[in-house]
Amino acid sequence: MKRPHPPLFVLLAAIVLVLVTGCRDEVSAETRAQLQQAEPELEFQQDGASFAVIEGNVYRVLGGGNYEMVGRLYEPGFHARNFVEDSGTLYQVDPGSGQRYAVTRHFEEGFEGAGSVDALMSAERWHRYNTDPKRVNESHNFYKLGNRIQLTREKAHSGHASLRFHANPDANNVSKASIAKGILYFANGDDFWLSGWFYIEDTPSLTDAGAFTLFDLESSFMEYAGIRTIFRRNDSLAFELKMPKTQFEQERGKEVPFPTGQWVHLVAHVHLGIDDGQVELWQDGRQVLSRRGRTIPVAATVYDRLELGITAIAQGSKYDKVLYVDDLVINDAPLEN
């Protein structure tokens with residue numbers, strides 16, 4: 001009997017916080033006075049505008065000490081409402097049913113022992129994918145574009161199976177074909193490690209129209225918070241913090257392109273921090289990236305979700321993308337590179 005999807009993960013799709021074009025609300029004189037006295041959790045520039053995060057709200061900072069509220073990064077107190085520790089084990093709580101799920105910082109997946117992508121959906125494995133024909137009319141579902149995710153025996157790094165992702169370009173929007181796992185727990189000061197084997201079919205360009213991403217570490221409790229791998233100049237892999245937008249690219253002129261038409265072993269390391277954050281990346285045993293900088297938007301950040309696959313190809317791309325993934329490992333301690 002198939003296990004039903006945990007209700008906690010029905011809404012795993014990322015929500016984009018549009019800071020400049022989104023809805024704005026002018027604050028009252030009383031609120032403005034309070035904001036002027038507050039210590040911002042985060043201050044940053046985007047598209048020529050200044051922003052500040054104060055008590056979970058995102059404000060555009062205007063001249064003369066004025067502010068406009070443009071969005072909600074997170075609800076203060078979300079940690080106490082969504083997590084509980086019992087006998088030394090940390091649980092994430094389903095807000096609907098109250099059911100507890102023990103969080104994890106270690107996960108291994110070889111995509112064996114399942115006959116379909118739906119068979120991968122369980123509390124212990126994966127929790128949602130965005131090419132689901134049963135959710136074809138929902139937002140953040142890309143089945144109508146012809147995007148597909150399939151368990152396949154066509155290619156495998158080890159064993160008999162791998163997961164195949166195929167995403168077609170969209171002239172008007174970002175296109176995706178990815179699978180998500182929740183019930184993770186990586187917070188300020190923690191280390192996130194990922195090892196996996198990736199095979200990208202030959203394509204005229206990996207960076208066509210500016211973006212192609214392989215995996216995102218995200219938060220279910222924060223709008224547009226996360227860090228991801230992304231292809232940049234000369235088809236080389238980089239990291240990108242989504243907000244405030246921060247690029248961690250390979251050294252200019254020394255980029256190591258990502259080869260297509262073959263299995264490539266990636267090991268990624270992110271130390272979560274504001275002043276002491278770090279990203280590292282190894283490609284087939286060679287370290288190609290090591291940079292320091294902010295890797296979480298605010299100190300309260302909890303990354304609890306991994307999105308894997310073609311997590312984005314840019315709007316207006318010319319070429320479809322096909323990706324295979326196998327032998328994935330997530331850990332909070334170093335992995336062999």
Side-chain angles (χ1 to χ4, degrees), residues 105-109 157 162-163 165 178 181 184 186 188-200 203 205-207 210-218 225-297 301 303 305-314 321 323-337:
R105 301 184 190 188
H106 179 79
F107 175 68
E108 298 186 19
E109 178 63 86
H157 171 256
S162 67
L163 201 58
F165 305 83
S178 56
K181 175 176 179 58
L184 302 175
F186 293 92
N188 188 15
D190 288 341
D191 289 278
F192 169 83
W193 287 81
L194 180 146
S195 170
W197 288 84
F198 297 79
Y199 185 110
I200 300 175
T203 177
S205 174
L206 293 177
T207 54
F212 171 29
T213 57
L214 295 181
F215 62 84
D216 300 36
L217 186 61
E218 301 175 322
I227 190 165
R228 62 186 177 182
T229 53
I230 186 168
F231 286 102
R232 288 306 189 200
R233 57 177 179 263
N234 296 327
D235 287 348
S236 64
L237 270 176
F239 277 96
E240 180 182 75
L241 181 66
K242 296 182 182 181
M243 192 189 82
K245 189 74 75 176
T246 307
Q247 304 289 334
F248 301 94
E249 298 185 358
Q250 296 185 32
E251 185 176 351
R252 185 175 293 275
K254 296 183 179 180
E255 300 94 343
V256 179
F258 190 98
T260 59
Q262 67 186 64
W263 284 105
V264 178
H265 184 214
L266 291 181
V267 174
H269 168 229
V270 182
H271 178 72
L272 276 58
I274 294 174
D275 299 321
D276 63 343
Q278 182 181 19
V279 296
E280 296 181 287
L281 189 65
W282 290 262
Q283 185 171 301
D284 284 335
R286 175 183 178 181
Q287 187 167 28
V288 296
L289 180 64
S290 179
R291 291 282 186 272
R292 293 186 178 275
R294 179 189 292 266
T295 55
I296 54 176
T301 302
Y303 290 143
R305 179 177 66 213
L306 177 76
E307 186 182 0
L308 175 73
I310 302 172
T311 62
I313 55 174
K321 301 292 190 294
L323 165 71
Y324 298 82
V325 180
D326 202 0
D327 296 330
L328 179 78
V329 181
I330 297 169
N331 207 8
D332 61 350
L335 296 172
E336 185 175 348
N337 53 55

query = Does the pair F165 and Y324 meet the rule for a side-chain contact (heavy atoms from CB on, under 4.5 Å), with working shown?
reply = CA-CA 6 Å; F165 305 83; Y324 298 82; over 6 Å; no
request  = Assess whether side-chain contact (heavy atoms from CB on, under 4.5 Å) is satisfied between I313 and T207, documenting all intermediate values.
outcome  = CA-CA 8 Å; I313 55 174; T207 54; over 6 Å; no
inquiry  = Working note: D332 + H106, criterion side-chain hydrogen bond (donor to acceptor under 3.5 Å, both in side chains); need CA distance, chi angles, decisive distance, verdict.
reply    = CA-CA 7 Å; D332 61 350; H106 179 79; over 6 Å; no
K242 and E218: CA distance, side-chain angles, deciding distance, salt bridge (Lys or Arg N to Asp or Glu O under 4.0 Å) verdict = CA-CA 9 Å; K242 296 182 182 181; E218 301 175 322; 2.7 Å; yes
request  = Walk me through it: do H157 and V325 pass the test side-chain contact (heavy atoms from CB on, under 4.5 Å)?
outcome  = CA-CA 8 Å; H157 171 256; V325 180; over 6 Å; no
request  = Please report the C-alpha distance between L163 and D326 in whole Å, then the side-chain angles of each, then the deciding distance to 0.1 Å, and finally whether the side-chain contact (heavy atoms from CB on, under 4.5 Å) criterion is met.
outcome  = CA-CA 7 Å; L163 201 58; D326 202 0; over 6 Å; no
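Taking both residues in full, the closest heavy atoms of R291 and Q250 are given as NH2-C, 3.9 Å, listed atom of the first, atom of the second, then distance. Closest approach of V267 to E336, counting heavy atoms only: CG2-O, 3.4 Å. What you find for A225 and P297 is that their closest heavy atoms are CB-CG, 3.9 Å. Across F215 and F198, no two heavy atoms sit closer than the pair CD2-CZ, 4.4 Å.
In this structure, F258 and Q283 have side chains that are in contact, with non-hydrogen atoms separated by less than 4.5 Å. Here the side chains of L237 and L289 are not in contact, with every heavy-atom distance at 4.5 Å or above. Residues S205 and F231 fail the side-chain proximity criterion, which asks for heavy atoms closer than 4.5 Å. Two residues are said to be in side-chain contact when any heavy atoms from C-beta on lie closer than 4.5 Å; L241 and V279 fail this criterion. Looking only at side-chain heavy atoms (C-beta outward), V256 and R286 come within less than 4.5 Å of each other. No side-chain heavy atom of L266 sits less than 4.5 Å from a side-chain heavy atom of W197. D191 is listed as a side-chain neighbour of H269, based on a closest heavy-atom distance under 4.5 Å. Between N188 and I296, some side-chain heavy-atom pair lies under the 4.5 Å cut-off.
Other residues, nucleotides and ligands place more than 12 heavy atoms under 6.0 Å from the CZ atom of R233.
A donor atom on one side chain and an acceptor atom on the other are not found under 3.5 Å apart for H271 and Q278. Side chain to side chain, S195 and H265 meet the donor-acceptor criterion of an N or O pair below 3.5 Å. Judged purely by distance below 3.5 Å, without hydrogens or angles, the side chains of Q247 and R232 pair a donor atom with an acceptor atom.
Ring geometry, W282 versus W193: the interplanar angle falls under 30°, so the pair is classed parallel (tilted spans 30 to 60°).
For the pair S236 (side chain) and N234 (backbone), a donor-acceptor distance under 3.5 Å is absent. Between the side chain of T260 and the backbone N or O of I200, no donor-acceptor pair lies under 3.5 Å.
Ring pair Y303/F192: centre-to-centre distance not below 6.0 Å. If you look at F248 and F239, their ring centroids are not closer than 6.0 Å.
Taking CG of L272 as the reference point, atom OG1 of T295 lies at 4.5 Å (rounded to 0.5 Å). Note that CG of L184 is 11.5 Å distant from CG of D190, once rounded to the nearest 0.5 Å.
Shown are I230, T311, L323, L194; of these, the side-chain contact (heavy atoms from CB on, under 4.5 Å) with L214 is made only by L323.
The pair D275-R294 does not count as a salt bridge, with every side-chain nitrogen at least 4.0 angstrom from each carboxylate oxygen. Using a cutoff of 4.0 Å between basic side-chain nitrogens and carboxylate oxygens, R305 and D216 are not scored as salt-bridged.
Cation-pi geometry between K181 and F107 is met: the NZ or CZ atom falls under 6.0 Å from the ring centre, inside 45° of the normal.
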